Each structure stands twice: as C-alpha cells, then as structure tokens.
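One structure is given below, encoded as structure tokens.
No hydrogens, no waters, no symmetry mates; every other heavy atom, side chains included, goes into these values. No experiment lies behind these values; they were computed from the predicted model shown. All residue numbers in this chain count up from 1 along the given sequence.
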Amino acid sequence: RVKPNFLAYSEKELKNLKYLYFPMHKEPELALNFLAPHLSNQLELIKFLSMSLPIGYKLFIKEHRLNQLRRPSFFFKKLANFYNVEIISPFDDQFKYIKNAEGIITNNGTSGWEGILLDIPVINLADSFYDIIAKNKIDNIAKIDIVIREILFGKKKKPTLNEICKLIDSEKKNSFIDSPQGINKSLNFLFK
C-alpha cells in the first residue's frame, strides 16, 4: 500500500482559503451502505462534487480516522488527479476545517450536525437525524451544483437558532434520561 499525501492546514491558513468540506465515511458502515447506498461509491461521489464546484474553490476531503490505509492505493491516486481536491489528514482536527469552510457536504454524518451548530451552511445528501431543520437537503444529486452556488453566492440557507435549540431540546428529552451534565459538557466542548 502506498501512503497517500495527506495535508494539514493551520487555522490561519484556512481563514484565507475558499473550500467546501466533505468528510468521508468509514467503510463498511451502516450510515453509508444501508442508509445511503446510492452514495456508497465515495470515489465517484467526490469526482462528481469536484466537477460541481465553481472555479477557484477547493473540495477538502477528510479520510475517516478509523478507515486510514484501508482503501486501495488507486483510490488516492485518482483523487490526487482531481485539480481542486485536497486530501486532509484523518488525524488533523476536523473542527477547524468545519468552522472555516464555506460549506459542508455530507452524506448523513455528524459533521453536518457540527456544521449546523457552528453556523456553517450544510448540504446533506441523505437522510439524517437533523433533516427536520436542514435547509439544503439534496433529493436529486444532479442538482447539487445549483445548491452549491446558492450557498456560495446567494442566500445562505441555514437553520435558525430557535430551530437548532428546539431540535436539541427534543433530542435531550427523548434520548437522555439522567445525563444533563453529559449533554452540557459535550455542547460546551463543541462551542469552544
């Protein structure tokens, strides 16, 4: 196996870059293989996303930490040939890429939820628990270029703070019985 050329940027560098962030799923994974089988070929999906970006924008993809070196070498060789795709180290801090992105594209991962909490526009390509407040759900992947342009150059559609709070309250009431400290600790960490 050939180790891919993973990149890492500083927070300062990211503030001056124009990019969308796409975190890859671990494979195999229920969220991808069962809940979004139409998106399971991540190489072809990244190729399509790359072609959908406007000139001057990069697509930062981040390998899943638990999937590192499990993909065949040709996967990363092909990715390296896409002119606007950069492969981010699976061990670099994902939050700095999320909070400095122009937008996040996700199948149904938690990076979409984290982007919503950090007030970053999110394009979700498959069903997720935050669909009820998501503003940029794609039902037809062929139209993603339109949604990307709306996010970058038009009105950035994002959930309101009130919608986010209602979803958190709903999740809290229906998921955690005796753990308000754990919820508060997690939210405080995320908002730092």
Side-chain angles (χ1 to χ4, degrees), residues 7-25 31-32 35-36 38-64 79 82-89 92-168 171 187 190-191:
L7 300 172
Y9 288 95
S10 70
E11 185 93 29
K12 185 177 179 181
E13 291 172 312
L14 290 172
K15 290 181 187 305
N16 297 314
L17 296 172
K18 296 191 301 188
Y19 68 94
L20 280 93
Y21 177 72
F22 178 75
M24 290 193 289
H25 275 280
L32 184 62
L35 299 175
H38 62 294
L39 303 170
S40 63
N41 186 333
Q42 292 188 87
L43 182 62
E44 288 301 316
L45 178 58
I46 291 166
K47 179 180 176 182
F48 185 73
L49 295 175
S50 168
M51 293 186 303
S52 300
L53 292 185
I55 293 172
Y57 284 84
K58 298 257 185 203
L59 179 65
F60 283 9
I61 62 163
K62 188 167 186 282
E63 174 64 287
H64 194 285
L79 287 180
F82 301 154
Y83 83 98
N84 61 351
V85 172
E86 296 197 9
I87 309 164
I88 303 303
S89 170
D92 204 3
D93 175 22
Q94 73 182 18
F95 292 105
K96 69 181 177 184
Y97 293 98
I98 292 172
K99 71 181 182 181
N100 289 293
E102 302 283 328
I104 297 163
I105 303 171
T106 181
N107 295 339
N108 52 15
T110 55
S111 291
W113 174 238
E114 293 155 355
I116 287 172
L117 292 177
L118 294 170
D119 200 32
I120 305 299
V122 174
I123 300 172
N124 51 325
L125 306 175
D127 294 338
S128 65
F129 72 92
Y130 48 84
D131 275 351
I132 195 161
I133 62 168
K135 304 292 184 186
N136 303 298
K137 173 97 186 281
I138 298 286
D139 293 321
N140 181 351
I141 190 79
K143 296 182 180 182
I144 194 164
D145 60 324
I146 296 167
V147 177
I148 288 171
R149 283 177 179 11
E150 286 174 355
I151 281 176
L152 297 176
F153 308 121
K155 185 177 181 203
K156 296 185 181 199
K157 296 185 271 183
K158 299 182 284 188
T160 66
L161 187 57
N162 188 39
E163 290 171 320
I164 294 169
C165 290
K166 284 181 179 179
L167 181 59
I168 291 171
E171 287 287 317
L187 290 174
L190 184 60
F191 286 119

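Judged as a salt bridge (Lys or Arg N to Asp or Glu O under 4.0 Å), the pairs with a partner in residues 133-142 (not counting sequence neighbours) are, in order, D127-K137, D131-K137, K135-E163. Among residue pairs with one or both ends in residues 45-60, those qualifying as side-chain hydrogen bond (donor to acceptor under 3.5 Å, both in side chains) are S50-N84, K58-E86; sequence neighbours excluded.
At least one side-chain heavy atom of K158 sits under 4.5 Å from a side-chain heavy atom of D119. Here the side chains of V122 and I151 are not in contact, with every heavy-atom distance at 4.5 Å or above. With contacts defined as side-chain heavy-atom distances shorter than 4.5 Å, the pair I104/L20 does not qualify. Contact annotation: the side chain of L17 never approaches that of N100 to less than 4.5 Å [non-hydrogen atoms, C-beta and beyond]. The closest side-chain heavy-atom distance from P54 to I148 is below 4.5 Å. Using a 4.5 Å cut-off on side-chain heavy atoms (C-beta onward), I46 and L79 make contact. Taking the side chain as every heavy atom from C-beta outward, P23 and I61 never approach each other to under 4.5 Å.
Residues Y21 and S111 come closest through the heavy atom pair CE2-OG, 4.2 Å. G56 and K18 make their closest contact through O-CE, 3.7 Å (heavy atoms, listed as atom of the first residue, atom of the second, distance). Taking both residues in full, the closest heavy atoms of I116 and P159 are given as CG2-CG, 3.8 Å, listed atom of the first, atom of the second, then distance. Residue E13 comes nearest to A8 through the heavy atom pair OE1-O, 4.4 Å, listed as atom of the first residue, atom of the second, then distance. Minimum heavy-atom separation, A101 to Y19: N-OH, 3.3 Å.
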Verdict with supporting geometry, F22 and L49, side-chain contact (heavy atoms from CB on, under 4.5 Å) | CA-CA 9 Å; F22 178 75; L49 295 175; 3.9 Å; yes
List the steps and the verdict of side-chain contact (heavy atoms from CB on, under 4.5 Å) for D92 and L7.
-> CA-CA 9 Å; D92 204 3; L7 300 172; over 6 Å; no
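In this structure F129 satisfies the side-chain contact (heavy atoms from CB on, under 4.5 Å) test together with W113, E171, sequence neighbours excluded. Remark: D145 pairs with no residue by the salt bridge (charged side-chain N to carboxylate O under 4.0 Å, His left out) rule, at least two apart or across chains. Residues satisfying the side-chain contact (heavy atoms from CB on, under 4.5 Å) criterion with D93, sequence neighbours excluded, are F95, K96. Scored by the salt bridge (charged side-chain N to carboxylate O under 4.0 Å, His left out) test, K157 finds E150 as partners (sequence neighbours excluded).
Relative ring orientation between Y9 and Y97 is described as perpendicular, the plane-to-plane angle rising above 60° on a 0-90° scale split at 30° and 60°.
Remark: S89 OG to E63 CD distance equals 10.0 Å, nearest 0.5 Å. With values rounded to the nearest 0.5 angstrom, Q42 atom CD is found 6.0 Å from N107 atom CG. Rounded to the nearest 0.5 Å, atoms CZ (F82) and CG (L43) are 5.0 Å apart. Atom CE of residue M24 and atom CG of residue L45 lie 10.5 Å apart, to the nearest 0.5 angstrom. If you take CD1 on I105 and CD1 on I138, they are separated by 8.5 Å, rounding to the nearest 0.5 Å. Summarising the geometry, atom CG belonging to L118 is positioned 6.5 Å from atom CD1 belonging to I98; distances are rounded to the nearest 0.5 Å.
Under 4.0 Å is where a charged nitrogen must lie from a carboxylate oxygen, and between K99 and E11 at least one such pair does.
A distance-only check finds no donor-acceptor pair linking the side chain of N124 to the backbone of T106 [under 3.5 Å].
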